[in-house]
Amino acid sequence: MEKIGRISPREWMTIITLVFYAHVASITASIRYGFLADAFAKRNVPGKVYGLIGTSVFVGFAADFFFKITEKCMTKWNSRKIIAGSAIGFSIIALVTGFVYRIPNTTAVVAISITLRMIQGVLGFAVTLVPVDFINANFPKKFDMVNGLVNMGYFSGHGVAELLGCILYDNYGYEVAFAFAATMALLAAAATLCFIPNTQTYLSIQGKAVKVVDSTDGPLITNKTQRLSKFLVFPLIATMLINANYGVIQVTVTPFLKEEFQKSISYGGSVLTLVSVGMALGSVSVGFILQSKIISHFTAMGIGAFCIFNGLLMTFPPESLPAVYNLSPILAFPGVFIAGFGDPFMTIATLKALYGVQLQKKGILTPQVTTTITGIWIMGYCSMYYAGSFIAGVLTDYLSYSATAELLAGFCLLAVLICVLLRLNFTHVYNEDDEMKPLTF
């Protein structure tokens, strides 16, 4: 077990601002999930169609990743400008999305909503990639801890968005919920401009921040060492399986409780709040556990997958057990909490695990490769998280909620198996190069 080094007041202020920014970004992106199904069901839109509104954000992520939009910005502008600019963009999109719902033509509402969601995906890639880049640049020795805290912001935002979103939607309508999200995004932009240091991006310091397996006699940077290891695919598969399941939980709990047990949208939102509580606690826990090297990153991933397996089956009990199934409105609370607690164990641990696999297989890890791997992680994690909307819409059109959960629980067990095999094959603990120093503070 390792001790965590001292953090100065200036560093704490920066971390708190990053956490707030992540929290608000999550609110803006997730505000719709608690009431999306109900809002579009009122306009007779089937699940497979409104599910595309959530899933279409992946098109924006993919466009940013393949055309390297954010990476190009990172070589020209500092982190603070990109982070604040993304928050302002989120605010504008949220405001427009809310008022689009007033259009009488349902086809036009769906088409415009999908388009706006794609644009939000481009900004969302930056919202995720740049904070990780900032942590790599300024907190290299405390990466797991700071990343855990920032992810606490992202994950806690889900619950706040779903609870407040449902309450605002129930009482004031679709537009007001999005106006709230837009206002929060502007506050995050202002906080970023006030408290985030004006530092270089990690990507822009090529050759000055290289991690090597042997810090005294590391390999030279060559085309071969810059190539991505083929073994990266296995942690990515595991995290994609898990985050698809979490995405399904997030969009099906509210309609499940409403359709099967006549619970209100606000009740469903209160259940989903516990997802966020679980994720927040899980984020802080796994960040400090990994930073202290109590368990390996692959062990943490396996724990996360097993938690989501149990959370799925508790939230959506088998219909073959009617006595248990009828308790679903109560069991949903601990069920989503367990699933929420497990998700950051998988998500947060995967990123550093990917860095470790690349470093162990290639012997060197440069800022460019680090950024590329982070981008792939975002694509894998976020694409399947948002794909959960589409998967949920399609599966629940043909299967019951319980049958859908049972099917997806099998994928959780597959993810556990992958994590066990990775743990058995990657046990080396690497040392970071002593040259890795914070850029600022």
For this session: Give the intermediate values and the outcome of side-chain contact (heavy atoms from CB on, under 4.5 Å) for residues Thr199 and Asn78.
Result: CA-CA 6 Å; Thr199 63; Asn78 61 55; 6.0 Å; no
Problem set entry | Working for side-chain contact (heavy atoms from CB on, under 4.5 Å), residues Met379 and Phe58 | CA-CA 8 Å; Met379 287 288 289; Phe58 175 65; 3.5 Å; yes
For this session: Just do the side-chain contact (heavy atoms from CB on, under 4.5 Å) check on Ser113 and Val100 with the steps written out, would you?
Result: CA-CA 7 Å; Ser113 296; Val100 160; 4.1 Å; yes
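Under the 3.5 Å distance criterion, the side-chain polar atoms of Ser402 are left unmatched by any main-chain donor or acceptor of Pro318. No side-chain donor-acceptor contact under 3.5 Å links Asn151 to the backbone of Ile348. Remark: side-chain polar atoms of Thr128 are paired, donor with acceptor, to backbone N or O of Gly124 under 3.5 angstrom. A donor-acceptor distance shorter than 3.5 angstrom exists from the side chain of Gln358 to the backbone of Arg227, with no hydrogens or angles considered.
Aromatic ring pairs are classed by plane angle as parallel below 30°, tilted from 30° to 60° and perpendicular above 60°; the pair Phe345 and Phe341 is tilted. Ring-plane geometry between Phe35 and Tyr169 is classed as parallel, the angle between the planes falling under 30 degrees on a 0 to 90 degree scale with a further cut at 60.
With sequence neighbours left out, the side-chain contact (heavy atoms from CB on, under 4.5 Å) criterion links Leu274 to Val277, Phe333, Val336, Phe337.
The number of heavy atoms from other shown groups lying within 6.0 Å of CZ (Phe20) is above 12. By the neighbour-count criterion of 12 heavy atoms within 6.0 Å, atom CZ of Phe65 is densely surrounded, having more than that number from other residues, nucleotides or ligands.
For Phe178 and Tyr174, the distance between ring centers is under 6.0 angstrom. Between Tyr202 and Phe134, the distance separating the two ring centers is not shorter than 6.0 angstrom.
With no hydrogens or angles considered, a side-chain donor-acceptor pair links Thr299 and Ser296 at under 3.5 Å. Checked by atom type, the side-chain pair Tyr355/Thr374 shows a donor-acceptor distance below 3.5 Å. In the model, Glu71 has no side-chain atom that pairs as donor or acceptor with a side-chain atom of Thr371 under 3.5 Å. With hydrogens and angles left out, the side-chain atoms of Thr106 and Arg43 include a donor and acceptor closer than 3.5 Å.
A ring-ring contact (aromatic ring centres under 6.0 Å, His included) with Tyr325 is found for exactly one of Tyr401, Phe261, Phe316, namely Phe261.
Closest non-hydrogen pair, Pro329 versus Leu257, comes out as CA-CD2, 3.9 Å.
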